[in-house]
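Read through the structure below, which is laid out as structure tokens, and then see the notes.
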Amino acid sequence: MLTSLQNSLVKQIRKLHSTKERHRQGLFLLEGTHLLEEACAMDYPLEVVCCTPEWEANHPTLWEDACSRCDRSEIVSEEVLVAIATTVQPDGVVATAKRSELQSQIPFTGVVLALETIQDPGNLGTIIRTAAAAGASGLWLSQDSVDLDNPKVLRASAGQWFRLATAVSEDLKATVQLCQQAGMQVVATLPTAKLTYWEIDWHKPSLILLGNEGAGLSPDLAAMADQEVKIPLSPGVESLNVAITSALMLYEVQRQLNA
């Protein structure tokens, strides 16, 4: 059992709390029983899995499953587990996985989200969770957004992170153009739009553009839209949270498709 905070593996995993180190090591953190269950359910390859003796005793089947998918497994003390986790009260297990597995193939069918400069990991995780629940085909993220593998993003996704095709776009405008060339309609959410989001025909393959929490969509990206829509707001209310906006639009797509 690993008990020393000076152990080289412990030090390596602790460094993954930092964005810079996750990029340098090419690894990211999976924390908690639910995320590990989802990773195993989706056959996601793992690098290292660490758990406390108590957690192993309470989850023998999951531990065996996780160990069969990783390169190294370690039983660690409670003190070590707390040190390598980013949460205040970890539930007994932490794993690492390769960042190289992050990129997915995003189809040009159904409804896809394209997010520009999203900064809040809670927002991104909630959008991923909602998109998976609403049956979205995938999600593009601009390179200047919060990392897809930020620990808070994974937690906020409630495990749906593993079930939605996601990818980081090096050039979101070029990605939007590719989607248009493939026959997708591009829909931008803008407060100045004349149409409301339920007046669009969502039966067509669609790419929904959503912008930064404070600044919204950049003018260049907004100008590429085939359709502009708004969400009606009461007087005095300037905007909605981007995760709420995504939920409203994704479920309008669902409503139309299931009508």
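Computed from a prediction, not measured in an experiment: that's the story for all the values here.
- For N258, there are no side-chain hydrogen bond (donor to acceptor under 3.5 Å, both in side chains) partners two or more places apart in sequence or in a different chain.
- When each of R99, K98, H23 is paired with D149, the side chain to side chain donor-acceptor pair (under 3.5 Å) condition holds for R99 and for no other.
- Residues S142 and D144 bring a donor and an acceptor atom of their side chains to less than 3.5 Å of each other.
- One side chain, T19 or R22, offers a donor N or O that lies under 3.5 Å from an acceptor on the other.
- In this view, W140 satisfies the ring pair (Phe, Tyr, Trp, His ring centres under 6.0 Å) rule with no residue, not counting sequence neighbours.
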Would you mind writing out the side-chain donor-acceptor pairs for residues 190-198 within the sub-3.5 Å range, not counting sequence neighbours?
| from | atom 1 | to | atom 2 | distance (Å) |
| --- | --- | --- | --- | --- |
| T196 | OG1 | W198 | NE1 | 3.2 |
| T196 | OG1 | E199 | OE1 | 3.0 |

Show every donor-acceptor pair shorter than 3.5 Å between a side-chain atom in residues 204-216 and any protein atom, with sequence neighbours excluded, or say none if there are none.
| from | atom 1 | to | atom 2 | distance (Å) |
| --- | --- | --- | --- | --- |
| S206 | OG | Q185 | NE2 | 2.9 |
| S206 | OG | K204 | O | 2.7 |
| N212 | OD1 | G214 | N | 2.8 |
| N212 | OD1 | A215 | N | 2.9 |
| N212 | ND2 | T117 | O | 2.7 |
| E213 | OE1 | Q119 | N | 3.0 |
| E213 | OE2 | Q119 | N | 3.2 |
| E213 | OE2 | D120 | N | 3.0 |
| E213 | OE2 | N123 | ND2 | 3.2 |

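- Rounding to the nearest 0.5 Å gives a distance of 10.0 Å between CE of M224 and OG of S218.
- A search for side-chain hydrogen bond (donor to acceptor under 3.5 Å, both in side chains) contacts involving S73 returns nothing, not counting sequence neighbours.
- Counting only N and O atoms by type, the side chains of E252 and Q256 include a donor and acceptor under 3.5 Å apart.
- Other residues, nucleotides and ligands contribute over 12 non-hydrogen atoms within 6.0 Å of the CD atom of E21.
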Scan the side chains in residues 27-42 for donor-acceptor partners under 3.5 Å anywhere in the protein, sequence neighbours excluded, and list what turns up.
| from | atom 1 | to | atom 2 | distance (Å) |
| --- | --- | --- | --- | --- |
| E31 | OE1 | T86 | N | 2.7 |
| E31 | OE1 | T86 | OG1 | 3.2 |
| E31 | OE1 | T87 | N | 3.4 |
| E31 | OE2 | T86 | OG1 | 2.5 |
| T33 | OG1 | W55 | NE1 | 2.8 |
| T33 | OG1 | D91 | OD2 | 2.8 |
| H34 | NE2 | A158 | O | 2.9 |
| E38 | OE1 | R163 | NE | 2.7 |
| E38 | OE1 | R163 | NH2 | 2.8 |

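- By the neighbour-count criterion of 12 heavy atoms within 6.0 Å, atom CZ of R129 is sparsely surrounded, having that number or fewer from other residues, nucleotides or ligands.
- Checked by atom type, the side-chain pair T175/S169 shows a donor-acceptor distance below 3.5 Å.
- Note on V186 and L250: separate hydrophobic clusters, where clusters join Ile, Leu, Val, Met, Phe, Trp and Tyr whose side-chain heavy atoms are under 4.5 Å apart, directly or indirectly.
- Shown are L148, L154, V146; of these, the side-chain contact (heavy atoms from CB on, under 4.5 Å) with N150 is made only by V146.
- The side-chain contact (heavy atoms from CB on, under 4.5 Å) test with E116 singles out one residue from L172, V176, L141, and that residue is L172.
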